[in-house]
Colleague: 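To start, I am sharing the structure in question, which I have written as structure tokens.
Counting begins at 1 with the first residue of the sequence. The structure presented is a predicted model; accordingly, all values stated were derived computationally and were not measured.
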Amino acid sequence: MTESSRATRADRVLDWAGLIPSGLLLATGIRDYRAGGSVGWLVGGVLMVLISIWVVSRGATRRARDGSPPR
């Protein structure tokens, strides 16, 4: 395994790992909003999930453009 493939895998894992905290923030925002809390947490969670999805798609597009074989 070459260093570049390790870096590519780490980059891909870090892109996908951002969905976990943003999903937790969204779940917390939904729970708090249903309990009568601020809609700000809900909006913040939605924005974080959308940004995380954008990061994943941007990374996949960049790797495809650079000619890296998909795994």
Colleague: Other members of the hydrophobic cluster containing L24, with the 4.5 Å side-chain heavy-atom rule, please.
Modeller: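 Noted: L24 shares its cluster with I20.
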Colleague: Work out which heavy atom in S52 is nearest to a heavy atom in S22; give both atom names and the distance.
Modeller: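 Shortest heavy-atom contact: OG-OG, 3.3 Å.
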Colleague: Just grab all the salt bridge (charged side-chain N to carboxylate O under 4.0 Å, His left out) pairs involving residues 13-27, residues at least two apart or on different chains.
Modeller: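 Passing the test, one end in residues 13-27: D15-R63.
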Colleague: Who clusters with V39? Use side-chain heavy atoms, under 4.5 angstrom, across I, L, V, M, F, W and Y, and order the result by chain and number.
Modeller: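 W16, L19, L26, I30, Y33, L42, V43, V46, L47, V49, L50, I53, V56, listed by chain and number.
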